[in-house]
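Numbering of ligands and ligand atoms starts at 1, following listing order. Quick note: numbers below take in every heavy atom, side chains included, and nothing from hydrogens, waters or symmetry partners.
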Amino acid sequence: MKILVVGGGAREHAICWALTKSSRVSRVYCAPGNGGTEEVAQNVPIDSMNFEELIAFVKNVGIDLTICPMDTPLVAGIVDAFETAGLKIFGPNKEAAKIEGSKVFAKDFMRKYGIPTAGHENFSSYEAAMVYISTAKFPLVIKADGLAAGKGVIICPGIESAEIALDNMFNKRKFGASGANVVIEEYMHGVECSILALCDGENIIPMTSAKDHKAAYDRDYGPNTGGMGVISPNPAYTDEIADECMKKIFLPTMEGFKKEGINFVGVLFVGLMLTAGGAKVIEYNCRPGDPETQALALRLDTDLLEAIEACMNKNLDNLKIRWKNNAVCCVVAASRGYPNEFKTGLEIFGLRNFGRDVKVFHAGTKKEKNQLRTNGGRVLNVVASGDNLEEARELAYKTINEIDFMGMYYRSDIGDLQDAATLAISLNYARR
Ligand code: AMP
Ligand code: GLY
């Protein structure tokens, strides 16, 4: 089979790499791809939002299946466009992608189907939101309704920051149309956990757990980013919690989709907060997480194509998905200044084959005359596996120390379980 993967980040690199291991895949293409994807796939210089050109390419080359793991094209209806053209594509359609594309829709959906989440109110006017915060309890969280590249969520410790956030969203339109509607919700304390779940429109199968690290700097200081590292499994997500989430979150979510007439076929990302009052949903995404996917790729022990086909053929109840009995740690090497201003085009040094237990997935790189250069804020993902988290961490950090580019920075505490607050909360949670 010939497969096209839409996108050009480390998640897409990991998916291309996993697909090349399938005996049934003859060739992988990646549009637009990056300096790393070209090692395992053929890069195709078409923008992921240019559906017309993508469709023409797929028809021309005779691609059998397209996979879209990116939110923006999914929310804009890439699946509907491909299906109208009679082409096979893996991902949720536009209606199903609304679960990520509109936070108002997602929050109202959870309320309607009794799925545990932070209490919330929706606002479409600045004045009404200002009245609400004047008597609200802090901290609280203000979220722009639409996609905002991970930047539309503002945690407000007090009223001053809430006033600024509302002014930026409603009046200054800092998030464009995404900020025309706003969700204000209660702040949840706890341990975050990411679960990616396979969905075939009928069944939902949660995959193994992970823990993202969103803040730019150690100990969760600094601005939020697209993700600075991840570990899998997430030590706070015990079997007992997994059972509880299946009953109270995953199954009711699929039931809710069915009752709403939503045919969700794809990977549903469920961002959880494990609180002292049980697991609650922070958010849904309509696609596999980044960098979670990069970690899961080194743990998956089932043919990825087989799992995708089980979703597309409504056959998930017959899929036996297997995971290696290992632990994985992924550390992201970023450009100085990210998530704000940063330079690109800098030479990258030290990359080589690091052996069986390490993969370096490229996030923002490009090859120029055989020289690999930086081409984004997040540049490389060093993913290492071991028998346990400690081993995986050690190998990930030993490897990233061999790599360099001007201004490279990374967090030194990915998967550091000595974080007392995290441990205390998770233990308290487990003892309930
Ligand atoms: P989201 O884009 O909705 O995932 O939010 C980004 C990040 O903001 C999450 O990963 C959490 O760290 C944090 N966050 C969002 N909503 C809440 C909440 N209600 N309580 C605490 N933290 C939150
Ligand atoms: N890692 C979080 C996300 O993909 O949105």
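Atom NZ of Lys324 has more than 12 neighbouring heavy atoms from other residues, nucleotides or ligands inside a 6.0 Å radius. The environment of Lys314 atom NZ is dense: over 12 non-hydrogen atoms of other residues, nucleotides or ligands sit within 6.0 angstrom.
Of all atoms in ligand 1, numbered sequentially from 1 with element shown, those under 4.0 Å from a heavy atom of Val141 are 16 (N), 17 (C), 18 (C), 19 (N), 20 (N). Under a 4.0 Å criterion applied to the non-hydrogen atoms of Met188, ligand 1 contributes the atoms 18 (C), 19 (N), 20 (N), 21 (C). Counting the atoms of ligand 2 from 1 in the order shown, those under 4.0 Å from a heavy atom of Glu292 are 1 (N), 2 (C). Near Lys143, the atoms of ligand 1 lying under 4.0 angstrom from a non-hydrogen atom of the residue are 3 (O), 15 (C), 16 (N). Ligand 1 places these atoms under 4.0 Å from at least one heavy atom of Glu185: 16 (N), 17 (C), 18 (C), 19 (N). Atom numbering of ligand 1 starts at 1 in the shown order; those under 4.0 Å from a heavy atom of Tyr187 are 20 (N), 21 (C), 22 (N). Of all atoms in ligand 1, listed by their number and element, those nearer than 4.0 Å to a heavy atom of Met273 are 21 (C), 22 (N). Distances below 4.0 Å separate heavy atoms of Lys103 from the following atoms of ligand 1: 2 (O), 3 (O). For ligand 1, the atoms lying closer than 4.0 Å to a non-hydrogen atom of Glu186 are 18 (C), 19 (N). With ligand atoms numbered from 1 in the order given, ligand 2 contributes 4 (O) to contacts under 4.0 Å with heavy atoms of Gly289.
Polar contact with ligand 2: present for Asn285 (N/O pair, distance under 3.5 Å).
With a 4.0 Å cut-off on non-hydrogen atoms, Arg287 touches ligand 2 through its side chain and not its backbone. By the criterion of a heavy-atom distance under 4.0 Å, the side chain of Ile155, and not its backbone, is placed next to ligand 1. Contact annotation for Val230 and ligand 2: no heavy atom of the residue comes within less than 4.0 Å of the ligand. At a heavy-atom distance under 4.0 Å, only side-chain atoms of Glu283, from C-beta outward, approach ligand 1.
Among Ile142, Thr117, Val153, Ile282, the residue whose heavy atom sits closest to atom 8 (O) of ligand 1 is Val153.
Residue pairs meeting the side-chain hydrogen bond (donor to acceptor under 3.5 Å, both in side chains) criterion with at least one member in residues 251-262, sequence neighbours excluded, are Lys112-Glu260, Tyr113-Glu260, Glu202-Lys258, Thr253-Tyr284, Glu255-Lys258. For residues 264-282, no pair satisfies salt bridge (Lys or Arg N to Asp or Glu O under 4.0 Å), with sequence neighbours left out.
Between Ile204 and Ala197, the shortest heavy-atom contact is CG1-CB, 3.7 Å. Between Phe175 and Ile154 the shortest heavy-atom distance is CZ-CD1, 4.4 Å. For Tyr397 against Asp413, the heavy-atom pair with the smallest separation is OH-N, 3.4 Å. Taking all atoms of both residues into account, the shortest heavy-atom contact from Gly7 to Cys30 is O-SG, 3.3 Å.
Under 3.5 Å, the side chains of Ser194 and Asn234 contain no donor-acceptor pair of N or O atoms.
Screening Gln294, Arg11, His362 against Asn381 for a side-chain hydrogen bond (donor to acceptor under 3.5 Å, both in side chains) leaves a single residue, Gln294.
At the shortest separation from atom 2 (C) of ligand 2 among protein heavy atoms lies Asp212 OD2, 3.5 Å.
Between Asp167 and Lys174 there is no salt bridge, since none of the side-chain N atoms of the basic residue sits less than 4.0 Å from a carboxylate O of the acidic one.
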